[in-house]
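Notes follow once the structure below has been shown.
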Amino acid sequence: IMEKFLDLFVHHWHNLRQAQHSPASFAYVHYEVTWDGEQLKTKQWYDYEGPDKPYRERQHNVSDMEDGKVLLETFNNFVKLADTIFVPTPEGFRGQTEDGYFDPQGRRVETKVTLTNTEFATSDKGWDRNGNLLWGSEKGPFVFNRCTK
């Protein structure tokens, strides 16, 4: 299952279509996913700044789970962040963090993902202890289209 997940996910993605359709709500962002044979690496950048100025880089361990799911463990410079569990679907995969996850700073974090052969949609949100949204869009998920073969 992990191999199928990597085949779908390891690409260069962008949300040009979404950014053009709704520029006030969604910046034009690139999302690059690479695999070095042991670890998945993700890098995000704004189109106008280019890949040399990423605003987010993460490292991920990927493994098959006994129940046919894929576990994505996420790290930011060796600091463990939320795990995302991916379930196979007829079109690809659906993933999310465990309900009620709090990061090391005490912020509630929620990630929901759908992944197909051509589209990667992600909603990543975080709230403080008082329930105030710290990051993430209220307008819906970022919808990235694959731009590599």
Atom [atom1] of residue position [X] - does it have more than 12 heavy atoms of other residues, nucleotides or ligands inside 6.0 Å?
X: Asn132; atom1: CG; answer: yes
X: Lys139; atom1: NZ; answer: no
X: Lys112; atom1: NZ; answer: no
X: Arg94; atom1: CZ; answer: no

Inter-residue atom distance [X].[atom1] - [Y].[atom2], 0.5 Å rounding:
X: His60; Y: Gln39; atom1: NE2; atom2: CD; answer: 8.5 Å
X: Gln96; Y: Thr122; atom1: CD; atom2: OG1; answer: 11.5 Å
X: His21; Y: Asn15; atom1: NE2; atom2: CG; answer: 13.0 Å
X: Arg108; Y: Arg129; atom1: CZ; atom2: CZ; answer: 13.5 Å

Hey, are the side chains of [X] and [Y] touching, using non-hydrogen atoms and a 4.5 Å cut-off?
X: Thr148; Y: Trp13; result: no
X: Leu134; Y: Asp128; result: yes
X: Asn117; Y: Arg146; result: yes
X: Lys69; Y: Ile1; result: no
X: Glu98; Y: Ile85; result: no

(message) Test side-chain contact (heavy atoms from CB on, under 4.5 Å) on Trp45 and Val29; report intermediate values, then the result.
(response) CA-CA 6 Å; Trp45 67 90; Val29 175; over 6 Å; no
Path from [X] to [Y] over hydrophobic side-chain contacts below 4.5 Å:
X: Phe144; Y: Trp35; result: yes
X: Met2; Y: Leu115; result: yes
X: Phe5; Y: Met65; result: no
X: Phe9; Y: Val87; result: no

(message) Can you classify the ring geometry of Tyr31 versus Phe120 as parallel (below 30°), tilted (30 to 60°) or perpendicular (above 60°)?
(response) perpendicular
(request) Test side-chain contact (heavy atoms from CB on, under 4.5 Å) on Trp135 and Val109 and set out the steps. (result) CA-CA 9 Å; Trp135 70 83; Val109 177; 4.0 Å; yes
(request) Could you tell me whether the side chain of Gln18 and the main chain of Pro141 form a donor-acceptor pair under 3.5 Å? (result) yes
According to side-chain contact (heavy atoms from CB on, under 4.5 Å), who are the partners of [X], at least two apart in sequence or on a separate chain?
X: Arg17; value: Asn145
X: Gln105; value: Asp103, Arg107
X: Glu73; value: Asn61, Leu71, Phe75, Lys80, Asp83

(request) Tell me, with the steps shown, if Tyr28 and Tyr48 meet ring pair (Phe, Tyr, Trp, His ring centres under 6.0 Å). (result) CA-CA 8 Å; Tyr28 179 19; Tyr48 69 90; 9.6 Å; no
Closest non-hydrogen atom pair between [X] and [Y], with its separation:
X: Val10; Y: Thr34; answer: CG1-CA, 4.0 Å
X: Leu8; Y: Phe93; answer: CD1-CD1, 3.9 Å
X: Cys147; Y: His14; answer: SG-CD2, 3.2 Å
X: Thr97; Y: Ala82; answer: CG2-CB, 3.6 Å
X: Pro54; Y: Lys43; answer: CB-CG, 3.6 Å

(message) Less than 4.0 angstrom from a charged side-chain N to a carboxylate O is my criterion; do Asp124 and Arg56 meet it?
(response) yes
(request) Report yes or no: is the cationic atom of Lys125 (NZ for Lys, CZ for Arg) under 6.0 Å from the centre of the six-membered ring of Trp127, at an angle within 45° of the ring normal? (result) no
(request) Report the residue from Glu32, Arg58, Gln59 that forms a side chain to side chain contact (heavy atoms under 4.5 Å, CB included) with Thr42. (result) Arg58
(request) Carefully, step by step, assess Tyr46 and Tyr55 under the rule ring pair (Phe, Tyr, Trp, His ring centres under 6.0 Å). (result) CA-CA 8 Å; Tyr46 297 110; Tyr55 67 84; 4.5 Å; yes
(request) Evaluate side-chain contact (heavy atoms from CB on, under 4.5 Å) for Asp36 paired with Lys41, printing each intermediate quantity in order. (result) CA-CA 8 Å; Asp36 66 8; Lys41 295 185 179 164; 3.7 Å; yes
(request) Would you sort out whether Leu81 and Asn76 count as a side-chain contact (heavy atoms from CB on, under 4.5 Å), showing the intermediate values? (result) CA-CA 7 Å; Leu81 303 175; Asn76 179 21; 3.7 Å; yes
